[in-house]
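Structure, as structure tokens:
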Amino acid sequence: NYNNLVVEAQLTANFYSTSCPNLLSTVQSAVKSAVKSEARMGASIVRLFFHDCFVNGCDGSILLDDTSSFTGEQNANPNRNSARGFNVIDNIKSAVEKACPGVVSCADILAIAARDSVVVLGGPNWTVKVGRRDARTASQAAANSNIPAPTSSLSQLISSFSAVGLSTRDMVALSGAHTIGQARCTTFRTRIYNETNINAAFATTRQRTCPRATGSGDGNLAPLDVTTAASFDNNYFKNLMTQRGLLHSDQELFNGGSTDSIVRGYSKNPSSFSSDFTAAMIKMGDISPLTGSSGEIRKVCGRTN
Ligand code: HEM
Ligand SMILES: [Ca+2]
Ligand SMILES: [Ca+2]
């Protein structure tokens, strides 16, 4: 009975190839120049994509700004004083709107910019599937509950990824994004002063710029990857094996549990990390996209039309 056949729209690589042929080069050159002026921006954009996809799918919900009558995700606990890169995405969107007005979603721009960020920092390349549309809503509550906290245990990490259809192996590979970028003292203070599964010299170094007392130096930054914070490589996994994970949640991946062998594998074999990371980024990008006539194509990423 063909009348009952429902074809769910899928994301594809060529969704905009006729409607916006210069999309990829526009995004790429904007990401290149943003990362050139500040390497960390590449990390910030990758994280924005993760925090979008984990909250009602990759629908650009995180990009919606709060107003007096609207509370979105930007001030949820995992994002407040932390998520950054919104201006870069807004600027790419305005460049794209000039060339192809009303055609390309903010959710897709974020997905492409995240890939370009990884590549420009020396990481692996992949083909980004597009065709997502933008949400008209956002959920601060879902952002608070779905995005894993740095205090998470291994089993909590596994279940927050499993809740969005990602495997334990996907979780470990995606955590390898902590090969780039920075974290605030408040996210790793407890670990560097109280935990025992940490390299002593590393803890001492981190303590120098992250004071013990809550409220002092909370926003001081340290690299998530102590060796190469601006290169997308597999050093994150090597660090975990020497107990130099910065966040509690990082070190959980190599702490005598079921993921130790995956970490060891990625530390020895950079190409297996690259191929699992790219596959997991594509999988994460497939989390409940809005397609067809759902949602909208926003004109400006910070607000609904
Ligand atoms: C596994 C669970 C994860 C936890 C608990 C976690 C937690 C965190 C925390 C606490 C920070 C520092 C934020 C701040 O201090 O402002 C951070 C930064 C970062 N996270 Fe994660 N994260 C996780 C997974 C991921 C994933 C899957 C990705 C991307 C695929 C990612 C990409 C990043 C990047 C690139 C940064 C640095 C951002 C910057 O420098 O602006 N993280 N993460
Ligand atoms: Ca979202
Ligand atoms: Ca690195």
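Note: hydrogens, waters and symmetry copies are ignored here, and every other heavy atom, side chains too, is used. Remember, it's a predicted structure, so these values are computed and weren't measured experimentally. Atoms within each ligand, like the ligands themselves, are counted from 1 in listed order.
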Handout entry: the Ca ion (ligand 3) - name of the N/O/S atom of Asp233 that sits closest to it
Key = OD1

Handout entry: Ser44-ligand 1 polar pair, N/O distance under 3.5 Å
Key = yes

Practice task
With heavy atoms only and a cut-off of under 4.0 Å, state how Leu174 meets ligand 1: side chain, backbone, both or neither.
Solution key: both

Problem - Region of Ser249 engaging ligand 1 - heavy atom pairs below 4.0 Å - result: side chain

Problem - Arg303 atom CZ: more than 12 heavy-atom contacts under 6.0 Å - result: no

Exercise for the section: Decide if atom NZ of Lys283 counts as having more than 12 heavy atoms of other residues, nucleotides or ligands within a radius under 6.0 Å. Expected result: yes

Handout entry: Subset of ligand 1 atoms that lie under 4.0 Å from at least one heavy atom of Ala177
Key = 28 (C), 29 (C), 30 (C), 31 (C), 32 (C), 35 (C)

Completion exercise
Numbered in order shown, the ligand 1 atoms found under 4.0 Å of a heavy atom of Pro150 are 5 (C), 10 (C)

Exercise for the section: With the Ca ion (ligand 2) at the centre, find the angle made by OG from Ser61 and O from Gly57, to 10°. Expected result: 160°

Exercise for the section: Could you confirm whether Tyr236 has any N/O/S atom lying under 3.0 Å from the Ca ion (ligand 3)? Expected result: no

Fill in the blank from the handout: Between the CD1 atom in Ile180 and the CE atom in Met41, the distance rounded to the nearest 0.5 Å is 12.0 Å

Handout entry: Carboxylate-amine/guanidinium proximity below 4.0 Å for Arg132 and Asp59
Key = no

Exercise for the section: Can you figure out which of Ser152, Ala149, Pro78 has its heavy atom closest to atom 5 (C) of ligand 1? Expected result: Ala149

Problem - N, O or S atom within Asp59 nearest to the Ca ion (ligand 2), by name - result: OD1

Fill in the blank from the handout: closest protein heavy atom to atom 35 (C) of ligand 1 is Ala43 O, 3.1 Å

Practice task
Look at Val55 and state whether any of its N, O or S atoms is less than 3.0 Å from the Ca ion (ligand 2).
Solution key: yes

Exercise for the section: Please identify which atoms of ligand 1 are closer than 4.0 Å to at least one heavy atom of Ser82. Expected result: 13 (C), 14 (C), 16 (O)

Exercise for the section: Could you list which atoms of ligand 1 come closer than 4.0 Å to a heavy atom of Leu224? Expected result: 18 (C), 19 (C), 36 (C), 37 (C)

Exercise for the section: May I ask you to check if ligand 1 and Asn81 share an N or O to N or O distance below 3.5 Å? Expected result: no

Exercise for the section: Output yes if Ser231 passes the N/O/S-under-3.0 Å test against the Ca ion (ligand 3); output no otherwise. Expected result: yes

Problem - Angular separation of Thr179 O and Thr228 OG1 about the Ca ion (ligand 3), given to 10° - result: 140°

Completion exercise
Per-atom filter on ligand 1: closer than 4.0 angstrom to a heavy atom of Ala183 are 12 (C), 15 (O)

Fill in the blank from the handout: Honestly, for Thr186 the part within reach of ligand 1 (heavy atoms, under 4.0 Å) is neither

Completion exercise
the Ca ion (ligand 3) -> Asp225, closest N, O or S atom is OD2

Practice task
Check whether any side-chain N or O of Ser294 sits under 3.5 Å from a backbone N or O of Leu290 as a donor-acceptor pair, and report yes or no.
Solution key: no

Handout entry: Nearest neighbour of atom 22 (N) of ligand 1 from the list Met171, Arg40, Glu38, His178, on a heavy-atom basis
Key = His178

Exercise for the section: Could you tell me the residue and atom name of the protein heavy atom closest to atom 25 (C) of ligand 1, and the distance to it rounded to 0.1 Å? Expected result: Phe50 CE2, 3.3 Å

Practice task
Going by heavy-atom distance to atom 34 (C) of ligand 1, choose the closest among His248, Met284, Glu252, Arg47.
Solution key: Arg47

Practice task
Can you sort out which atoms of ligand 1 are near Gln182, meaning under 4.0 Å from one of its heavy atoms?
Solution key: 12 (C), 37 (C), 39 (C), 40 (O)

Exercise for the section: State whether Asn235 contributes an N/O/S atom found under 3.0 Å from the Ca ion (ligand 3). Expected result: no

Exercise for the section: Identify, for atom 15 (O) of ligand 1, the protein heavy atom at the shortest distance, and state residue, atom and that distance. Expected result: Arg184 N, 2.7 Å

Fill in the blank from the handout: shortest atom 1 (C) of ligand 1-to-protein heavy-atom contact is with Ser175 OG, 3.4 Å

